[in-house]
Every structure is written in structure tokens, then in C-alpha cells.
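Values in this document were obtained by computation on a predicted structure and should not be read as measured data. So you know, we letter chains A, B, ... as the sequences are listed, proteins then strands, and number each from 1.
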Amino acid sequence: MVMFRAFYKEVKRATGIDDRFLRESDHADLASTVAFKLAKEKRKKPQEVAEELLESFEISGDYIGRIEIENGYINFFAGQEFFEDTINAILDEDYRYGELKLGGEVIVEHTSANPDGPLHVGHIRNSIIGDTLVRIFRKAGIRVNAQYYVNDMGRQSAMAVLGAARYGIGSGKPDHEIAKVYIRINADAEEDESINAKLEELMIRYERGEEDAVRMFRDVIERALEGVKETLERLNVRHDSFIWESEFVRNGYVERIFRMLEERGLLERDDVLKVSMRRFGYEKDVILRRENGTTLYITRDLAYHLWKNENCERFVNILGSDHKLIANQLSDLLRAINLKPPEIVFFEFVSLPEGSMSTRKGKFISADELIERTYQEARVLIEDRDFSDEDKERIARAVAIGALRFDFVRVSPEKPMTFDWKKALDFERQTASYIQYTHARACSILRKAVEMGYADLDFRYDLMDETERELVLLLSKFSFNIEKVVKSLKPSTFAEYILDIAEKFNDFYHKNPVIVNDSDTRMHRLAIVDATRIVLRNGLELLGIEALERM
RNA sequence: GGGCCCGUAGCCUAGCUAGGAUAAGGCGGCAGCCUCCUAAGCUGCAGAUCGCGGGUUCGAAUCCCGCCGGGCCCGCCA
């Protein structure tokens, strides 16, 4: 069952009103502004047009309770069957509630940070947006492959490899150790010209696939990734595959890209291989192969997207806004050779109060440090509560990760963020722990009810008050909001939705005591509590946040 | 110099794709609520020329143009 979606479709079917003129509203369960548009053509007042339209509606189905006309708006309200079905569907379907069967398949490429150091707070904005999309796509019934594109052929990687060979890697967490040698060699390269010569030689040898070079790269990059994967695991972020870009140099896809461009007369052979971008509105050429024979990032990325075209029907990339130019060029080139470009979610930078982050300069807050400090802060909060040490650890971890994920997913990607420790370590309203707390609170009520022998649930429309009505309506919109994200690629709207449910439930909690003597009221409210518990838990799951039963 | 993005109360954010009914929340401030299902909660008060100026429209935070402020990009880097 897909509750609010069903109501929405019923309204559309009954009225013939287009999506453009239907929206959620504070004044109604669904409102239409269509009369305003028609009023102009018909030269009548919106109110009159709306009243005429009302006559023409052919209501069928069970969910539309009543329709009202007000100030030209047509307001639709769901009725008894809708609310009963919503609660019953949630209680029956439980973990499966909210699932859709949209079908299809998608590759979501996210994180893809250079293997030259640990993930920092900028990278995890990418990871969290990407992983949340992955989870929501899956819930929508779409087959997803989450991919990390490993940039093993770039200059930065070669620099890290060279640094590791020159100074040796220490015994700490490998991604952090690699950052140390990467920062050091970058600093040394400013003084010592020979480092750049060695770098070029190393890149040429790796591009050619010379065995010892391949071994060096593999070793260092695997270790960097090992550290990155550990951090991602802490954040509940999981990839299905790690795709090494060097693969596309070795498997002929890069050559195929050259041929495809050549066939369309786009490829120019000079000392380099390049494409003039004038026809696409760019001033400068795109170089695809250097004078020394090595390829560039965009070359391998074109090959990767050729591969995506052959292996999947839809592909989404999560990229920092610094990639906008090159990603747009990539898309133009793909279209020019008749390939589908990726759908791209760009996110703006996370900067520090003192300026932007840089791995090379060692100017960043690592995700690991952020996770640890957030954990410590959460631990303080729970320290004097009555839990075992193990439980305290587990709960504080869940709260810390939740806080991090929610802080990042909640903000629209196009919004620049300035990282703020005070905010990151805050566990009060409008945060994940608020939602987790609300979920734990629902669990607590249900536990108490069972202890007292009140296990039965029975939703009663006639007993439902206004707050309860608003709450259940929100619960009914779960799959509606999932579908929105699938279309808009904006997971922030889903975070906001789950937060709304928590707020409305707390409102209900304070107004309506649940465990009361009157059994009808009690069973009715328990049904609402249990349904809310299920929706919050399923929603937190999609946000990659653990739904705690006690905290 | 050119391109893209952001600019909503002291601070942070939602709403902008498909223009409409009182601009919605949080933090901070002030005043309150635990013999009652977890106070990581709740209630009330104060706080906004929706960056500025034009335009389109019956109607603009939302669309268009110009400007101001901030960020990112314009490498044979990624």
C-alpha cells in the first residue's frame, strides 16, 4: 500500500487536475490552484471557476472524504477509509512499509575521493548525500550499484606513491599515514625540481603498466582505501564496487573513446590528443592525452561513462561544485558521441571558519577526528544514565553517527556550509538525536503497555483528534516522499520529512496520554504510537541512522 | 575578464524545480513545565524591508533583467 500516493492519484483521477496545480498545503490534505489559472481564460472569479469545476468532478474510490472551495482554492481532504487503511498498512507491512516497485537500475557514484589521505568533512558531505540516495533508491524498488571511482592514475595518487617510497609509511591508520607523506613530498617538491621529474617518470611507467610501477601503486592505494573504507563503515556508508580508473586504460575503453571522437571528426592530433570545445561554448581545448603519452582524468572518465552506458540504464554522480566545468564538458562530449551523460548532484563546499580545506596543505578536519569527538560528546551526555558500559558505548556511537549524517543530509546540496564544532556537537532539537529520542520514546510507551498487559492495538477514526489526524497524514506520506527524492535527487527533503514526524509525535505525546484507563482510547492511541515507531524506524534506516529503542 | 552557485530575524536552516491563502522551524535571549508513558522533551514572549533596485503578473521569497556581497571554476591537476 502506498497511502498518500493512492489518495493523490485518486484526486487526479477524479478531477483531471494536472500535477502542476496540486500541492500539499497547511489548509488541506491536498490543494489545487487550478481555478486561478482558468479564471484568467474564462474571465471569471477564481471562486466561481472552482465552484463550477467541483460540479464536474467524478469521485470514485474511497479516500476522498470531502472537498471544499475557499478563496478560489480547491481543498481536498482524506476520509475515514484513508486513515484506517494507512494505520493498518503500516502495522501490517512493518519493515516493508514505504516500499515501492518503481523498477529499473541505477549506478550511484559517490565519495570517490583521491586515495592520498583520509576522508575529511568535505568528502563526507558527498558520501552522506550519495549513501542516502542509494538507500532511498533501494526502498523505491530500484536496483542500485553504489560505486567508488578510484582515482589511481592521477598526479595526486602518483605523488602519494612517490612520497610513500621516499619516506616510508608509518604504522598508524594507513590513510592518515599516507596523508603525512603526501603533504611532506608536496612541500619538498616546491624546493626540489627532481621530484617532479621522478613523478612524471612514475606516471609514464604506471600508464604503460610496467610491473614494478603497478605494484607500487597497488600497494599504496590499497592501503589508503583500507583506511577510507574503515571510515565509511563507521558512517554506515557502503559501496558495492570500487572501480579503478586504470582499468579503462588497460581494457581498451580509452582507445574506444579516442576512436569514437575521431569518427565524428572531433579529435585533433597535435603533440597531444585534444578536442576543441568552441562548438560547445567553451574557450579552451580539452586535452585527452599528454605529450608524454599519458591520459588525463577526463579521458578515463569518458571511458568510465562509456562503460556505464553499456552496463546500466541510469547513472547518478555526486560531485563537488569544483567539478562543474569539467563535468559539463564531460557531458557535452558524451552527447557528441551519442552516449548518455550522467545525472549529477553537485554540492557546495564545506569550509572551515578560517577558509577552505586542502589535503595537500594538511588543512582539514578528518572524518575520523569528527566522529571521535562527536562520540566523546555523546558519551558525556549518557554517562550518568543507568546503562552498562557496552550499551553506553553503542548508544553514544549511534547518536554520534546519526548527528553527523543528519547535519549533512539535512542541508540542500547547493548551500555552502561552514563547519562549526559547536553545531556538530549539539544534540538538541532539529538533530538526529531528537528523532532517535522520539523513536525511543515511542518504544518506551509500547514496552510499558506490554508490561501492564495492554498489548492490543485498535485504531478508531471516530476517536481521532486533530493532532492525531495530522500525525497519521504525515505517516501516510512516507512513500510519497521517497518518490519525490527519486525524482528530485534531493535527500534533504526526506530528512526534513522525518523531522516533521518526530515533531508532530512529540506534540501528540504531550497532549494525549496513551496509557489510560479507557480501553478504546488506549488501544487507539497505542496503534498510532506503534505506527509512528515503525515509520520513524524505517525512515532513520533510509538516513543511515540507527533507531535506538532506549537512550 | 568570463562561467556556475549561494545571500531568508543576532546565528543556522526550510520553502524557490511546477508563482497564490498568515514566510515555517531551530540555536541564542526572556518567562514557565518533571508526585504523570525517558526534560536529548514541551509551552509562552521577543525577534524578518525574504541582499539591493527594476520588470512580468490580479498576485513574486519563488520567474526575468541589472547591481552589491561571499564561494567555486577557467592547468598537458583532479
Between A23(B) and Asp26(A), counting only base atoms on the nucleotide and side-chain atoms on the residue, is there a donor-acceptor pair under 3.5 Å?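 There is none.
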
Do Thr431(A) and A40(B) share a donor-acceptor pair, side chain to base, under 3.5 Å?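 Looking at the base of A40(B), it does not pair with any donor or acceptor on the side chain of Thr431(A) (distance under 3.5 Å).
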
Aromatic-base stack, His27(A) on A21(B), cutoff 5.5 Å, angle under 30: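 Yes; centroid distance and tilt both under limits.
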
A21(B) base stacked by Tyr73(A) (centroids within less than 5.5 Å, tilt under 30°):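 Stacked: ring centres under 5.5 Å, planes under 30°.
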
Between G75(B) atom P and Arg289(A) atom CZ, what is the distance in whole Å?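 Nearest whole value for this atom pair: 22 Å.
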
For a quick check of understanding: with a heavy-atom distance under 4.0 Å over all strands, which category does Leu446(A) fall into, base, sugar-phosphate or nothing?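 No contact.
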
Between [options], which nucleotide gets closest to the side-chain atoms of [X]?
X         : options                : result
Lys415(A) : A40(B), G15(B), U13(B) : U13(B)
Arg290(A) : A40(B), C77(B), G15(B) : C77(B)
Glu291(A) : A21(B), C76(B), C73(B) : C76(B)

With respect to Lys477(A), which candidate in Glu470(A), Glu24(A), Glu483(A) satisfies the salt bridge (Lys or Arg N to Asp or Glu O under 4.0 Å) definition?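 Testing Lys477(A) for a salt bridge (Lys or Arg N to Asp or Glu O under 4.0 Å) against Glu470(A), Glu24(A), Glu483(A) leaves exactly one candidate, Glu24(A).
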
Under a 3.5 Å limit for both distances, which nucleotide forms a Watson-Crick or G-U wobble pair with U22(B), could you say?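 Looking at the geometry, U22(B) pairs with no nucleotide.
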
In the structure shown, which nucleotide is the Watson-Crick or G-U wobble counterpart of G1(B), with both distances under 3.5 Å?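 Here G1(B) is engaged in a pair, and the nucleotide opposite it is C74(B).
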
